[in-house]
Amino acid sequence: MDKNISQILISESAIIERIKELGKKISLDYQGEPLTVICILKGAFIFLADLLRNISLHTSVEFIQVSSYGEKTESSGKIKIIQNLSESICNKNVLVVDDILDSGLTLSYMKELLILERPKTLKFCVLLNKSKDIIRETEVDYIGFEIPDRFVVGYGLDYAEQYRGLPYIATLE
Ligand code: IMP
Ligand code: MG
């Protein structure tokens with residue numbers, strides 16, 4: 001194990017099991033309707049890849065890249081769009097997939113932005129929730145795991161672009 005990793009919070013097998021459940025729930029909720037899944041880059045790319053393989057619907061995938069953290073472990077409070085959608089989401093069922101809910105800034109910004117495109121439905125899914133703000137949490141339709149308010153890495157999440165490839169979620173020293 002990397003010397004900077006202090007503790008494994010969620011094991012690889014627990015992640016896989018939970019994603020199977022999420023995929024089933026999402027497949028049931030949309031009742032066979034087509035779904036456009038929007039992956040928030042970069043942090044959600046591994047989660048999206050596993051989630052998508054557990055959704056039994058006709059799906060199309062879009063990517064949006066935003067940045068707010070830079071090389072810090074706290075949000076800068078400003079969000080920048082680096083890459084935008086390639087197709088219209090007008091009249092589509094849209095599910096936004098992100099890695100983690102923290103201040104809620106990213107998702108509320110995404111909501112404001114995407115609603116302008118007039119999707120048929122708009123829902124949000126995060127793998128991890130470390131926010132203890134009930135209002136923010138209720139804006140998210142699918143949550144993988146509740147975690148303590150610690151900075152975590154792995155399974156797509158980085159610290160200064162490192163650790164994304166770890167198959168588990170861990171805290172840093
Ligand atoms: P929010 O806008 O504050 O909710 O933060 C959401 C974004 O910040 C996520 O999409 C992550 O990219 C990043 N982030 C928040 N907490 C962590 C963490 O513990 N580890 C790595 N990235 C994080
Ligand atoms: Mg992110």
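When a ligand or atom number is given, it counts from 1 through the structure's own listing order.
Residue-ligand proximity: G43 is placed with every non-hydrogen atom at 4.0 Å or more from ligand 1. Between D98 and ligand 1 there is a heavy-atom distance shorter than 4.0 Å. A heavy-atom separation below 4.0 Å is not found between K42 and ligand 1.
Residue V152 places at least one N or O, backbone or side chain, under 3.5 Å from an N or O of ligand 1. In terms of polar-atom proximity, D158 is not counted as a contact of ligand 1, lacking any N or O under 3.5 Å from an N or O of the ligand.
Residue I79 holds its CD1 atom at 7.0 Å from OH of Y109, rounded to the nearest 0.5 Å. Here the CG atom belonging to D50 is positioned 11.0 Å from the CD1 atom belonging to I55, to the nearest 0.5 angstrom. With rounding to the nearest 0.5 Å, the separation of OG in S131 from CD1 in I147 is 11.0 Å. The CG atom of D29 sits 3.5 Å away from the OH atom of Y142 when rounded to the nearest 0.5 Å.
Of all atoms in ligand 1, listed by their number and element, those nearer than 4.0 Å to a heavy atom of T106 are 1 (P), 2 (O), 5 (O), 6 (C), 7 (C). For ligand 1, the atoms closer than 4.0 angstrom to any heavy atom of R150 are 19 (O).
Here D99 has side-chain heavy atoms under 4.0 Å from ligand 1, and that is the only part of it that gets that close. The part of K130 lying near ligand 1 is the side chain, judged by heavy-atom distances below 4.0 Å. Using a 4.0 Å cut-off between heavy atoms, L157 contacts ligand 1 through its side chain alone, with no backbone atom that close.
Note on K92 versus E87: no salt bridge recorded, every NZ/NE/NH1/NH2 to OD/OE distance being 4.0 Å or above. Using a 4.0 Å cut-off between charged side-chain N and carboxylate O, K42 and E161 make a salt bridge.
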Which donor-acceptor pairs under 3.5 Å do side chains of residues 12-19 form with protein atoms, sequence neighbours excluded?
residue, atom, partner, partner atom, Å
S13, OG, S11, OG, 3.3
R18, NE, G144, O, 2.7
R18, NH1, E21, OE1, 2.7
R18, NH2, I143, O, 2.9

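Considering F151, Y163, Y159 only, the shortest heavy-atom separation from atom 21 (C) of ligand 1 involves F151.
In this model, no donor atom of one side chain and acceptor atom of the other lie less than 3.5 Å apart for N4 and Y159.
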